[in-house]
> 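There's a structure below that I have some questions on.
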Amino acid sequence: RQPRRQTERREWRLERLEAVEPSRRIQAEAGVIEYWDQNQEQFQLAGVAAYRTTIEPKGLLLPYYSNAPRLVYIIQGNGVTSSVFPGCPETFQSFQQSEPREEERRGESLRDQHQKIHRFREGDVIALPAGVTTWFYNDGETPVVAVTVADSGNNANQLDQTLRRFELAGSPERRESSEGEEAFSGNVFRGLNVDVLAEAFGVSRETIRKLQGHDDRRGNIVRVERGLQFVRPERRQERQEEEEEEEERRRRRTRGTN
Amino acid sequence: GLEEILCNLRNRENIRNPDRADVYSREAGSVTSLNSQKLPILRQNAHYAPHWNINAHSILYVTRGRARLQISGNQGRGASFDREVRRGQIVVIPQNFVVAAQAGSEGFEWVSFKTEDFPLVSPLAGKASVFRGLPEGVIANSYRLSDEEARRVKHGRGEEFLVFRPRAQGGRVAAA
């Protein structure tokens with residue numbers, strides 16, 4: 001971060017610091033997001049915004065991006081997440097194999113390719129760049145609870161200081177604030193014409209209406225009843241990799257840092 | 001030192017030469033990048049893929065032709081901008097706002113000035129788009145689509161990248 005411009009610099013009244021709870025709560029089908037009031041002076045002066053996300057088991061936090069880089073701390077639970085970087089290859093791949101996998105024997109097709117997926121667990125910190133699409137899925141037994149701090153004063157954000165979530169899916173969103181007010185908003189597709197999008201994607205208008213989230217009242221955390229299927233390493237292999245990473249971290253700690 | 005760094009610095013580059021196009025489609029057009037500048041050209045009725053600028057605002061100046069330009073913000077309640085733009089006009093596209101353009105019958109050519117020396121664009125459709133990076137299961141469950149629909153959303157534009165040719169069934173190709 002660079003120092004703020006002179007015109008934006010204001011006196012930080014240090015004697016007015018206070019501990020605050022979230023003031024706005026957005027309930028979705030399979031979870032809830034609680035926002036701290038980013039207009040409060042201490043958040044404004046620090047140039048940050050904060051929110052706490054709870055994702056129920058089998059809950060999918062729909063893909064979204066925001067105008068500020070974020071740090072996510074996993075307070076509880078475990079699951080998977082992925083950030084989609086434009087131009088990066090789809091390195092997780094599953095093609096038809098001569099030996100059908102268990103899922104394919106059960107009739108579930110896993111032929112797909114997408115960008116890398118990461119497993120997260122309690123205690124992890126996840127760094128998310130501004131403008132990069134991210135999704136989270138809770139494949140554990142307990143709710144995932146994560147607290148996020150977004151650095152809206154960061155140079156990567158050229159919009160205003162307000163944290164803005166650009167939802168790629170999920171609409172309309174029902175908002176409830178502490179004052180009991182309600183508001184509805186939609187995803188980014190709602191602002192574009194159905195015909196233009198149908199042409200651009202090469203799909204039917206009906207499919208585009210689904211992308212726009214008409215009549216979808218699940219909010220931005222949805223329940224995936226049958227569990228989410230995607231390409232990923234076997235759990236055993238994942239655990240082995242995690243253990244190797246942990247071992248490497250331990251070795252680095254004992255060696256000290258260079 | 002100054003002489004080496006500044007005096008001989010190359011500060012001019014021609015971006016209208018089609019040989020220098022970074023993205024080229026005979027049917028749709030081309031995109032030529034020069035650090036923070038771009039000169040895309042769309043043939044008649046072609047599309048500039050819906051996309052957002054990850055790290056910059058984009059100041060679009062129309063050099064030739066017309067297009068229907070749509071810009072969507074984070075509220076998604078309706079287009080922040082949905083108008084025909086023509087030669088000589090400037091539109092500011094804020095960072096992270098989704099923008100789509102469809103060229104008119106005489107084509108569309110513009111230059112974009114970006115407020116970042118290494119601007120990044122994230123397309124919503126076609127090759128290298130955000131949907132290509134998402135698992136089909138995430139797409140299907142996010143939008144309540146069937147597996148087949150999710151596959152079409154992900155791959156509907158095949159290997160086309162950023163500039164899309166008009167589709168025949170659209171019926172928008174102007175008669176000569």
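A note on names: the letters A, B, ... follow the listed sequences, proteins ahead of strands, and every chain is numbered from 1.
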> If you take all heavy atoms of B:Pro135 and A:Phe230, which pair is closest and at what distance?
CB-CB, 3.6 Å
> Rounded to the nearest 0.5 Å, what separates atom CG in A:Leu228 from atom CD in B:Glu136?
11.5 Å
> Nearest heavy-atom pair of B:Pro94 and A:Leu159: which atoms, and what distance?
CB-CD2, 3.7 Å
> Can you check whether A:Phe201 reaches B:Leu124 side chain to side chain, under 4.5 Å on heavy atoms?
yes
> Check whether A:Leu60 gets within reach of chain B through its side chain, its backbone, both or neither, counting any heavy atom under 4.5 Å.
side chain
> Without swapping roles, check the side chain of B:Ser72 against the backbone of A:Val188 for a donor-acceptor pair under 3.5 Å.
yes
> Check whether B:Phe131 gets within reach of chain A through its side chain, its backbone, both or neither, counting any heavy atom under 4.5 Å.
side chain
> So how far is it from B:Asn141 CG to A:Gln229 CD, rounded to the nearest 0.5 Å?
10.0 Å
> Taking B:Arg157 for the side chain and A:Glu199 for the main chain, is one N or O donor matched with an acceptor at less than 3.5 Å?
yes
> Hey, could you give me the CG/OG1 distance between B:Asn74 and A:Thr162, rounded to the nearest 0.5 Å?
9.5 Å
> Could you state the interatomic distance from CH2 (B:Trp52) to OG1 (A:Thr133), rounded to the nearest 0.5 Å?
3.0 Å
> Find the one option among A:Ile208, A:Val222, A:Val203, A:Leu168 whose heavy-atom pairs under 4.5 Å with chain B are most numerous.
A:Leu168
> Between B:Leu134, B:Asn53, B:Val98, which has the largest tally of heavy atom pairs under 4.5 Å with chain A?
B:Leu134
> Taking the side chain as everything from C-beta on, heavy atoms only, tell me whether A:Pro86 gets closer than 4.5 Å to B:Val130.
no
> At a 4.5 Å cut-off on heavy atoms, which part of A:Ser83 comes close to chain B: side chain, backbone, both, or neither?
neither
> Show your reasoning for whether side chain to side chain contact (heavy atoms under 4.5 Å, CB included) applies to B:Arg144 and A:Arg218.
CA-CA 10 Å; B:Arg144 296 198 290 196; A:Arg218 298 174 300 166; 3.4 Å; yes
> So that I can tick it off, tell me whether A:Asp112 and B:Lys154 are bridged by a salt bridge, with the cut-off set at under 4.0 angstrom between side-chain N and carboxylate O.
yes
> For A:Arg223, does the CZ atom have more than 12 heavy-atom neighbours from other residues, nucleotides or ligands under 6.0 Å away?
yes
> Between B:His155, B:Arg68, B:Glu160, B:His51, which shows the greatest number of heavy-atom pairs under 4.5 Å with chain A?
B:Arg68
> Please check if the side chain of B:Gln95 supplies one atom and the backbone of A:Gln158 the other of a donor-acceptor pair under 3.5 Å.
yes
> Between B:Ile139 and chain A, which part of the residue has a heavy atom less than 4.5 Å away: side chain, backbone, both or neither?
neither
> Would you compute the distance between atom NZ of A:Lys210 and atom CG of B:Leu145 and round it to the nearest 0.5 angstrom?
5.5 Å
> Given heavy-atom pairs under 4.5 angstrom as the criterion, report whether the side chain, backbone, both or neither of B:Leu120 touches chain A.
neither
> Considering non-hydrogen atoms only, spot the tightest contact between B:Ser142 and A:Leu62 and give its length.
OG-CD2, 3.3 Å
> Testing the basics here: between A:Gly131 and B:Asn96, what is the closest heavy-atom pair and its distance to 0.1 Å?
CA-ND2, 3.7 Å
> Check whether A:Ala156 gets within reach of chain B through its side chain, its backbone, both or neither, counting any heavy atom under 4.5 Å.
backbone
